[in-house]
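Scroll down for the structure; my scribbles are underneath it.
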Amino acid sequence: MVSNTPIESNYDRESELKAFDDSKSGVKGLVDAGLTKIPRFFHHPRPIINEPKSSTLQTQVDIPIIDLKETNARAEIVENVRYAAENWGFFQIINHGIPQRVLDEMIDGARGFHEMETEEKIKYYSRDYQKKFFYTSNFHLFTGDAASWNDTFLSVMAPQPPQPEELPPICRNIITEYSDQIMKLGFTLLELLSEALGLKPDHLKSLGCGQGLFVLGHYYPPCPEPELTFGANYHTDSGFLTIVLQDSLGGLQVLHQKQWVNVSPLPGALVVNIADLLQLLTNDKFKSVHHRVLAQKGTPRISVAAFLRPFHEGIESIVYRPIKELVSEENPCVYKDASLDEFVRLRRNAEGLDGKSALAPFKLDP
Ligand code: OGA
Ligand code: NI
């Protein structure tokens, strides 16, 4: 990695990371302590201040908004979904059927968790993926290039939901209610996406795309030096489909035609994006695109991301390959078979490489 910062021999990154992790109080803990300069391990190698202004669209372009109202013509909804999935990889949905109360309570529940008494909260701090629920800061703290300015809880909700006592009381009921609703909405979206591919409505469901669900509750504390780091560094998502609920602050951006486009908060809407495994299944027809979250001054930003992705034992050997109906002479198969196990391992190594697709290791002709 090229860096302009001279290497200081007295900078011990490993021990700073360890001290941060040992504190168990996350980025919020740093902010609560009144810090005015962010620790060096949050400095990104290519921070936003070094980006050309032209890389962020200042105009009114926004990702597609799709109205799922049941009285709308199905063919029209399917066509809108197809257009968005092929050209943007991202869209917002309105009239999706999840009541505003549930959305509001989910945001409040995530906020409530992150803002509870530190002594209570640190009991949930962990990096043990065997747990159904834990909270941490930066899943890749010790392996990633630079840390990002956020704390997150992870809750594995399907196919085996946690026992109620595994979930913190402050968000126990709402996580369960929200996840039930998201599973149903996820099925609806999988049907629409299947139809958008010219397949039977249950095709993606029959491949198990809607079986696993995990939920991340993100907390992006205000950042004293937002130009040096990110709330979430650019990445693609690993599963089939992600559904994001964001509060009204904004900061999520999507890479579209080499420019970063803001995903403007829209009250009551949910953001949907195609993830890597769905790009693979569709033989690149649907796009899993890079996105990121800016760090910001001001007030904390809350978002809740629900991932339709297998995340349970016994699935490591499932093999994914492009759907045969989508492969033809004009449209030859571009991916080799990938077991979920390989997929998780190889994509981690491929991540973070100058905007390269995390799917690169699975391409037949790299
Ligand atoms: C994610 C993600 C966006 C957000 O969790 O993968 O991209 O707005 N989240 O928090
Ligand atoms: Ni993401």
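Atoms within a ligand are numbered from 1 in the order they appear, just like the ligands themselves. Just so it is clear, the structure is predicted and the values come from calculations on it, not from any experiment.
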_At the Ni ion (ligand 2): angle between H291 atom NE2 and H235 atom NE2, to 10 degrees_ =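 With the Ni ion (ligand 2) as the vertex, the angle is close to 90°.
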*Are E117 and K121 close enough for a salt bridge, meaning some N to O gap below 4.0 Å?*
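No, this pair does not count.
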*Contact residues of ligand 1 with a heavy-atom cut-off of under 4.0 Å?*
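Lining ligand 1 at under 4.0 Å, by heavy atoms, one finds H218, Y220, H235, D237, V244, L252, H291, V293, R301, S303, A305, F307.
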_So for atom CD, which belongs to E70, do other residues, nucleotides or ligands contribute more than 12 heavy atoms lying within a distance under 6.0 Å?_
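Open.
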*Is the NZ atom of K205 crowded by more than 12 outside heavy atoms at less than 6.0 Å?*
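Yes, NZ of K205 has more than 12 neighbouring heavy atoms, counting only those of other groups under 6.0 Å.
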*By atom name, which N, O or S atom of D237 is the nearest to the Ni ion (ligand 2)?*
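This residue's closest N, O or S atom turns out to be OD1.
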*Starting from the C-alpha separation in whole Å, work towards a yes-or-no answer on ring-ring contact (aromatic ring centres under 6.0 Å, His included) for F113 and Y135.*
CA-CA 9 Å; F113 175 83; Y135 122 84; 5.6 Å; yes
*For the pair Y129 and F139, name the ring-plane relationship: parallel under 30°, tilted 30 to 60°, perpendicular over 60°.*
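Answer is tilted, since the angle falls between 30° and 60°.
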*Using the ring of each side chain (for Trp, its six-membered ring), is W88 parallel, tilted or perpendicular to H256, with breaks at 30° and 60°?*
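W88 vs H256 ring planes: parallel.
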*Spell out, as yes or no, whether a donor-acceptor pair under 3.5 Å connects the side chain of H114 to the backbone of G217.*
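Side chain of H114 to backbone of G217, a donor-acceptor pair under 3.5 Å: yes, one is there.
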